[in-house]
Amino acid sequence: MTDLTTLLEVGGPLAALGGGAAYTRANHPALYWSAVGGPISTVRLLSSYASVMEACGLTVAPSRLRVLAGKAASRREVRPVPPRRGIIRPTSTGLRLRLRLAPGQEPADFAASAERLRHTWGVHAIYVTTVKPGVVELRLVGFDVLRKVRMPRKTDAGLLKVPVALREDAMPFVRDYRAVPHQLTLGATLSGKSMYLRHLVSGLARQNVALVGFDCKRGVELAPFAPRLSALATEPDEVAELLPVLVKEMEDRYDLIKARQGIAPSTPDEEITSDIWGLPDSERPVPVVLFVDEVAELFLVATKKDEERRDEMVTQLIRLAQLGRAAGIYLEVCGQRFGAELGKGATMLRAQLTGRVCHRVNDEASAKMALGDIAPEAVMAACAIAPELPGLAVAGDTSGGWSRIRTPYLSLGDAADICQESAHLVPDLSALKPFRPSVPVRTVEAPVPAVQPRPVTD
């Protein structure tokens with residue numbers, strides 16, 4: 001009886017501790033990793049580093065000097081040498097470890113063994129990056145950071161840089177318009193494409209940038225951001241009027257570059273390799289970011305007259321995509337599908353869009369439209385996105401690299417408030433003033449005055 005009582009007294013707290021750990025791991029993975037998972041994985045790594053490297057074939061034969069020294073000190077056989085390990089640096093999401101490659105090794109050897117290393121050390125994933133020639137960094141991620149997105153506190157922000165999502169390796173996904181001028185974002189309904197767009201608009205709203213929107217869905221996506229927009233078109237007819245103005249603005253900026261650098265005015269724009277960033281700050285025009293929501297609406301036609309208008313609009317969009325970067329004009333094209341079936345010029349426009357972000361799509365063909373021509377292996381990753389994970393997407397560019405990302409939640413009201421607060425940052429562009437959206441004045445209801453007692457009179 002006494003033993004049973006003692007067992008219950010000891011087992012109760014242990015069961016409570018185990019249940020608390022399980023609850024913390026499921027609902028607060030970052031806290032669980034810092035308190036339990038991180039120390040355990042660190043001990044596993046330190047105790048099994050040499051044997052694991054040898055089992056994965058990541059060791060090399062020792063040098064002759066080491067062999068002679070080992071035989072002189074002890075007559076034991078000298079074992080293969082693992083890569084030299086640096087200091088283990090813990091983070092809020094995992095561990096970081098730098099390794100110096102042995103002669104004959106390459107980063108691909110460690111990337112091929114990443115899956116075996118993650119199972120051995122008990123982490124969620126391991127990613128290999130090259131720091132410099134001869135040095136690689138293993139980034140160990142302790143849990144699924146995309147299940148509940150928490151953006152890092154410190155991100156690489158700056159002009160035309162927006163930290164818009166979190167990558168699967170716990171690093172922020174930064175949309176850098178100067179590095180990737182134009183981008184295509186695809187996604188089915190309720191896939192998180194609108195959330196991605198909100199983060200872009202709200203991130204750029206605080207910068208000295210002109211924002212222009214094409215929203216042929218009667219403005220339901222971009223109209224809430226009207227206080228910060230320099231121009232907004234909500235109908236194809238309005239887009240047809242605004243596009244020539246943007247093209248003319250681009251041509252004027254090329255004339256400014258020519259005049260500053262002494263280039264002959266007759267030189268074609270295609271032969272100018274410089275851009276507005278080479279101009280002095282006092283003469284540099286403000287960058288322009290053009291958001292095109294539901295691009296398919298610009299390609300749909302019903303009559304012969306609409307077809308002529310469509311061809312003209314597509315031609316102007318292609319010109320902006322080809323020549324806009326040097327003039328500081330950047331495109332963000334969004335839609336559900338974007339392929340050759342839209343009509344003439346669709347594939348030519350898509351070829352100019354360097355960046356690609358593919359959310360959940362309804363068929364494999366849509367994923368191939370976004371990623372098939374730049375990273376074929378990413379197509380299956382895009383097709384595997386589950387409907388219960390809105391905001392999850394596959395991001396890639398023409399370099400062939402790709403990664404899974406997820407956008408954190410941002411309500412439409414919060415994004416609209418950011419645009420309202422930064423309305424004073426709308427740049428003065430005279431060419432776009434006729435297309436500036438009208439912003440209704442917010443009325444603040446006055447408080448109802450309390451009833452004041454009146455003296456009783458005859």
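In this structure, Arg85 forms a cation-pi arrangement with Tyr49, its terminal cationic atom sitting closer than 6.0 Å to the ring centre and no more than 45° off the ring axis.
The backbone N or O of Pro172 sits nowhere less than 3.5 Å from a side-chain atom of Arg167 that would complete a donor-acceptor pair. A donor-acceptor pair is defined here as one N or O able to donate and one able to accept, closer than 3.5 Å; such a pair exists between the side chain of Arg350 and the backbone of Met369. Between the side chain of Glu283 and the backbone N or O of Pro280 there is no donor-acceptor pair closer than 3.5 Å. Side chain of Arg406 to main chain of Arg147: a donor-acceptor pair is present (N/O by atom type, distance under 3.5 Å, no hydrogens or angles). At distances below 3.5 Å, not a single donor-acceptor pair connects side-chain atoms of Gln420 with backbone N or O atoms of Phe225. At least one donor-acceptor pair closer than 3.5 Å links the side chain of His182 to the backbone N or O of Leu331. Listed for the Arg253 side chain is a donor-acceptor partner under 3.5 Å among the backbone atoms of Ala327. Between the side chain of Glu137 and the backbone N or O of Thr130 there is no donor-acceptor pair closer than 3.5 Å. At distances below 3.5 Å, not a single donor-acceptor pair connects side-chain atoms of Ser422 with backbone N or O atoms of Leu425. A donor-acceptor distance shorter than 3.5 angstrom exists from the side chain of Ser51 to the backbone of Ser48, with no hydrogens or angles considered.
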Discussion item. For Glu421 and Arg228: C-alpha separation, side-chain torsions, deciding distance, then whether salt bridge (charged side-chain N to carboxylate O under 4.0 Å, His left out) applies.
Written reply: CA-CA 9 Å; Glu421 295 170 359; Arg228 185 57 182 85; over 6 Å; no
Item to complete: For side-chain contact (heavy atoms from CB on, under 4.5 Å), just list the numbers for Leu204 and Leu211, CA-CA rounded to whole Å, side-chain angles, deciding distance to a tenth of an Å, and then say yes or no.
Response: CA-CA 8 Å; Leu204 292 171; Leu211 305 180; 3.9 Å; yes
Practice prompt. Verify side-chain contact (heavy atoms from CB on, under 4.5 Å) between Met250 and Arg319, making sure each step is shown before the conclusion.
Written response: CA-CA 10 Å; Met250 179 185 68; Arg319 289 199 64 196; 4.3 Å; yes
Discussion item. Run Arg89 and Arg98 through side-chain contact (heavy atoms from CB on, under 4.5 Å) and show every step you take.
Written reply: CA-CA 9 Å; Arg89 293 176 294 171; Arg98 289 192 177 184; 3.6 Å; yes
Fill in: CA sep, side-chain torsions, deciding dist, call: Ile126, Val141, side-chain contact (heavy atoms from CB on, under 4.5 Å)
CA-CA 6 Å; Ile126 295 181; Val141 181; over 6 Å; no
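For Lys193 and Glu221, the salt-bridge test fails: no basic side-chain N is under 4.0 Å from an acidic carboxylate O. Comment: Arg337 engages Asp363 in a salt bridge, judged by a side-chain N to carboxylate O separation of less than 4.0 angstrom. Using a 4.0 Å cut-off between charged nitrogen and carboxylate oxygen, Lys217 and Asp215 do not count as a salt-bridge pair.
Using the six-membered ring where Trp is involved, His359 and Tyr196 have ring planes that are perpendicular, over 60° apart on the 30 and 60° scheme.
Taking CD1 of Ile374 as the start and CH2 of Trp402 as the end, the distance is 11.5 Å to the nearest 0.5 Å. Tyr127 contributes atom OH, which lies 9.0 Å from atom CZ of Arg118 (distance to the nearest 0.5 angstrom). With rounding to the nearest 0.5 angstrom, the CZ atom of Phe214 is 4.5 Å from the CG atom of Leu290. Note that the OG atom of Ser194 and the CG atom of Leu410 stand 11.5 Å from one another [nearest 0.5 Å]. Here the CG atom belonging to Asp417 is positioned 11.0 Å from the OG atom belonging to Ser202, to the nearest 0.5 angstrom. Within the model, atoms CG of Asp293 and CZ of Phe291 stand 10.5 Å from one another, a figure rounded to the nearest 0.5 Å.
Contact check for Val333 versus Gln183: no side-chain heavy atoms found under the 4.5 Å cut-off. Side-chain contact between Pro408 and Arg150 is absent, with no heavy atoms from C-beta onward closer than 4.5 Å. Side-chain contact between Lys148 and Pro29 is absent, with no heavy-atom pair separated by less than 4.5 Å. Counting heavy atoms from C-beta outward, Phe110 and Met53 have side chains that approach closer than 4.5 Å. The shortest side-chain heavy-atom distance between Leu160 and Val289 falls under the 4.5 Å cut-off. With contacts defined as side-chain heavy-atom distances shorter than 4.5 Å, the pair Val136/Leu101 qualifies. In this structure, Leu256 and Ile276 have side chains that are not in contact, with every pair of non-hydrogen atoms separated by 4.5 Å or more.
Annotation: Leu190, atom CG; neighbour count of heavy atoms from other residues, nucleotides and ligands within 6.0 Å does not exceed 12.
Side-chain atoms of Glu332 and Tyr177 form a donor-acceptor pair, as typed in the model, at a separation below 3.5 Å.
With respect to Leu349, the side chain to side chain contact (heavy atoms under 4.5 Å, CB included) criterion is satisfied by exactly one of Leu298, Leu320, Leu317: Leu317. With Leu45 as reference, Ile88 is the one residue of Thr120, Val123, Ile40, Ile88 to meet the side chain to side chain contact (heavy atoms under 4.5 Å, CB included) rule.
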